[in-house]
Peer 1: 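My questions will all concern the structure given below.
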Amino acid sequence: MICMKTLCARVRSTTRALTQKSSQTPTAAFCVIGDEILSGTTQDTNTRTLASQCFSLGINLQKIEIVPDSRASIGASLVQLSHAHTVVFTSGGIGPTHDDITYDAVARAFGDKLAYHSETLQRMRRIMGDTVRARPDPNGTSAERACARMALLPQSARVAFVDDKLWVPVVQVQNVHVLPGIPRLFARMTHAYLPELAAELGARAFVRAEVETRVSESVLAPVLERVQSEYASRGVKLGSYPQWPSPHTLVSVVGQSPKDVHECRDKLALLLSDLS
């Protein structure tokens with residue numbers, strides 16, 4: 001088992017160049033994998049989970065892609081996202097069935113091969129106990145071999161077990177971090193995994209302030225443009241969100257400096273009060 005501290009130190013070393021090239025704020029992309037998402041059969045909730053966690057921890061989630069259960073599609077997406085972002089997260093496709101191909105796709109994309117991970121197999125057997133009909137055995141029955149597929153990981157992967165009660169690991173290949181698609185499991189593991197990863201990447205939490213107004217967006221637009229121009233150099237971003245069918249518009253102010261965010265919010269509130 002690789003401890004979180006060791007794992008994150010290695011993550012930092014592999015992503016330092018990307019961080020320096022892009023900005024001081026670590027960037028992230030999310031690759032959501034599954035035909036069931038694209039067909040509308042299953043509603044993706046992992047995106048919101050990851051986005052809210054990244055925001056609160058100071059990781060700038062910049063791109064989200066949804067790809068089918070296709071090795072070529074997964075691989076192409078991950079290679080492109082990996083080169084463009086500090087870290088990449090995936091969800092889905094790590095189960096025991098024929099369409100669970102994420103580990104294989106990741107291995108192929110980065111020139112690696114699959115091998116059974118002994119500690120994952122051991123944890124599966126211990127935690128599953130006798131509660132399942134098919135326990136993992138690479139040389140067992142067809143059902144047992146299918147179960148063991150979930151421990152067939154890229155050989156170069158760094159494996160982190162983030163919860164003592166779970167056998168499912170976070171699997172890292174280069175700067176790609178592979179996670180399960182089951183929403184409760186995804187949330188539980190990211191809550192355990194992301195905080196220390198963010199700390200090791202030097203992330204600073206984002207701050208959000210809001211101003212609510214009844215001023216229409218058309219009247220609001222010139223004010224927002226002027227204030228955005230004034231605060232852009234300080235890393236502050238403004239967003240305008242109509243609360244339809246309510247007549248109100250919510251203006252968000254986001255940045256990493258509480259002082260700058262609150263100063264900008266106060267200025268906006270004053271300017272908008274003059275328009276009311």
Side-chain angles (χ1 to χ4, degrees), residues 7 11 14-15 18 22 25-110 112 114 149-150 152-154 157-160 162-163 166-195 197-198 201 203 206:
L7 176 70
V11 172
T14 60
T15 59
L18 277 171
S22 56
T25 300
T27 63
F30 188 28
C31 181
V32 182
I33 299 164
D35 291 345
E36 69 277 11
I37 305 296
L38 290 169
S39 67
T41 304
T42 300
Q43 182 177 4
D44 169 44
T45 59
N46 292 335
T47 292
R48 183 172 185 178
T49 297
L50 182 67
S52 62
Q53 289 188 52
C54 284
F55 183 89
S56 66
L57 293 168
I59 298 173
N60 185 7
L61 182 60
Q62 294 185 326
K63 193 166 189 177
I64 298 161
E65 290 190 356
I66 304 176
V67 298
D69 295 316
S70 155
R71 289 175 178 83
S73 297
I74 296 168
S77 175
L78 292 180
V79 168
Q80 188 275 326
L81 295 175
S82 173
H83 282 102
H85 301 86
T86 313
V87 290
V88 179
F89 302 100
T90 77
S91 72
I94 63 170
T97 59
H98 70 284
D99 56 349
D100 290 311
I101 57 174
T102 298
Y103 289 143
D104 187 35
V106 171
R108 295 185 187 206
F110 296 103
D112 202 356
L114 297 179
R149 283 187 68 231
M150 294 185 284
L152 200 54
L153 311 180
R158 299 184 177 101
V159 179
V162 299
D163 190 315
L166 298 175
W167 59 261
V168 185
V170 178
V171 174
Q172 180 203 344
V173 177
Q174 295 193 23
N175 63 335
V176 176
H177 305 257
V178 181
L179 290 145
I182 299 172
R184 287 187 181 181
L185 199 53
F186 181 89
R188 183 168 166 178
M189 291 177 66
T190 51
H191 276 293
Y193 185 68
L194 261 60
L197 174 61
L201 291 172
F206 289 103

Peer 1: Under the side-chain contact (heavy atoms from CB on, under 4.5 Å) rule, collect the residues that match up with Arg48, sequence neighbours excluded.
Peer 2: none

Peer 1: Hey, what do you get for CG (Asn175) to NE2 (His177), rounding to the nearest 0.5 Å?
Peer 2: 6.5 Å

Peer 1: What residues, two or more places apart in sequence or in another chain, satisfy ring pair (Phe, Tyr, Trp, His ring centres under 6.0 Å) together with Phe206?
Peer 2: Phe55

Peer 1: Is the side chain of Thr86 donor-acceptor paired with the backbone N or O of Pro26 at a distance under 3.5 Å, no angle test?
Peer 2: no

Peer 1: What's the shortest heavy-atom distance between Ile94 and Met150, and which atoms?
Peer 2: O-CG, 3.5 Å

Peer 1: In chain order, what residues pass the side-chain contact (heavy atoms from CB on, under 4.5 Å) check against Ile64, with sequence neighbours excluded?
Peer 2: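 Ile64 satisfies side-chain contact (heavy atoms from CB on, under 4.5 Å) with Phe30, Val32, Thr47, Leu61 once adjacent residues are dropped.
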
Peer 1: Return the set of residues passing salt bridge (Lys or Arg N to Asp or Glu O under 4.0 Å) with Asp35 (not counting sequence neighbours), or none when no residue passes.
Peer 2: none

Peer 1: What heavy-atom pair brings Ala203 and Leu57 nearest, and what distance separates the two atoms?
Peer 2: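 Smallest heavy-atom distance, with atoms named: CB-O, 3.3 Å.
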
Peer 1: Got a sec, which residues hit salt bridge (Lys or Arg N to Asp or Glu O under 4.0 Å) with Arg149, two or more places apart in sequence or on another chain?
Peer 2: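 Counting only residues at least two positions away or on another chain, Arg149 forms no salt bridge (Lys or Arg N to Asp or Glu O under 4.0 Å).
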
Peer 1: Taking salt bridge (Lys or Arg N to Asp or Glu O under 4.0 Å) as the test, write out the residues that go with Asp104, two or more places apart.
Peer 2: Arg71, Arg108

Peer 1: Ser52: which residues meet the side-chain contact (heavy atoms from CB on, under 4.5 Å) condition with it, sequence neighbours left out?
Peer 2: none

Peer 1: Yes or no on side-chain contact (heavy atoms from CB on, under 4.5 Å) for Phe89 and Thr190, after CA distance, side-chain angles and deciding distance?
Peer 2: CA-CA 10 Å; Phe89 302 100; Thr190 51; 5.9 Å; no

Peer 1: For Ser91, give me all partners under side chain to side chain donor-acceptor pair (under 3.5 Å), at least two apart in sequence or on another chain.
Peer 2: none

Peer 1: Are Cys54 and Leu50 side-chain neighbours, meaning at least one heavy-atom pair lies under 4.5 Å?
Peer 2: yes

Peer 1: Mind listing the closest non-hydrogen atom pair of Cys31 and Leu78 along with its distance?
Peer 2: CB-CD2, 3.8 Å

Peer 1: What distance do His85 atom NE2 and Gln80 atom CD have between them, rounded to the nearest 0.5 Å?
Peer 2: 7.0 Å

Peer 1: How close do Val176 and Ser82 get, counting heavy atoms only, and between which atoms?
Peer 2: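 Shortest heavy-atom separation between Val176 and Ser82 comes out as CG2-CB, 4.2 Å.
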
Peer 1: If every non-hydrogen atom of Leu38 is compared with every non-hydrogen atom of Pro68, which pair is closest and at what distance?
Peer 2: CD1-N, 3.5 Å

Peer 1: Not counting sequence neighbours, which residues clear side chain to side chain donor-acceptor pair (under 3.5 Å) with Ser73? List them please.
Peer 2: Ser70

Peer 1: Is any side-chain heavy atom of Tyr103 less than 4.5 Å from a side-chain heavy atom of Leu152?
Peer 2: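 No, every pair of side-chain atoms sits at 4.5 Å or beyond.
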
Peer 1: Give the minimum heavy-atom separation between Met189 and Val168, together with the two atoms involved.
Peer 2: CE-O, 3.3 Å

Peer 1: Anything under 3.5 Å between a donor and an acceptor, one on a side chain of residues 178-187, the other on a protein residue two or more places apart or in another chain? List them.
Peer 2:
none

Peer 1: With rounding to the nearest 0.5 angstrom, report the CG to OG1 distance, Asp44 to Thr49.
Peer 2: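 Rounded to the nearest 0.5 Å, the CG-OG1 separation comes out at 8.5 Å.
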
Peer 1: The criterion is side chain to side chain donor-acceptor pair (under 3.5 Å); which residues satisfy it with Thr97, sequence neighbours excluded?
Peer 2: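 Testing Thr97 for side chain to side chain donor-acceptor pair (under 3.5 Å), a comparison that skips the adjacent residues, returns Asp99, Asp100.
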
Peer 1: Please assess Thr27 against Lys63 for the test side-chain contact (heavy atoms from CB on, under 4.5 Å), listing each intermediate value before the final yes or no.
Peer 2: CA-CA 9 Å; Thr27 63; Lys63 193 166 189 177; over 6 Å; no

Peer 1: Using side-chain heavy atoms (C-beta onward) and a distance below 4.5 Å, is Val171 in contact with Pro154?
Peer 2: yes

Peer 1: Are the side chains of Ile59 and Gln53 in contact, using a 4.5 Å heavy-atom criterion?
Peer 2: no

Peer 1: Give, for atom CD of Glu65 and atom CD1 of Ile33, the distance between the pair rounded to the nearest 0.5 Å.
Peer 2: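 So the CD of Glu65 and the CD1 of Ile33 are separated by 10.5 Å.
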
Peer 1: Mind jotting down which residue pairs meet the salt bridge (charged side-chain N to carboxylate O under 4.0 Å, His left out) criterion with at least one end in residues 168-181? Sequence neighbours excluded, please.
Peer 2: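 For residues 168-181, and leaving out neighbouring residues, there are no salt bridge (charged side-chain N to carboxylate O under 4.0 Å, His left out) pairs at all.
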
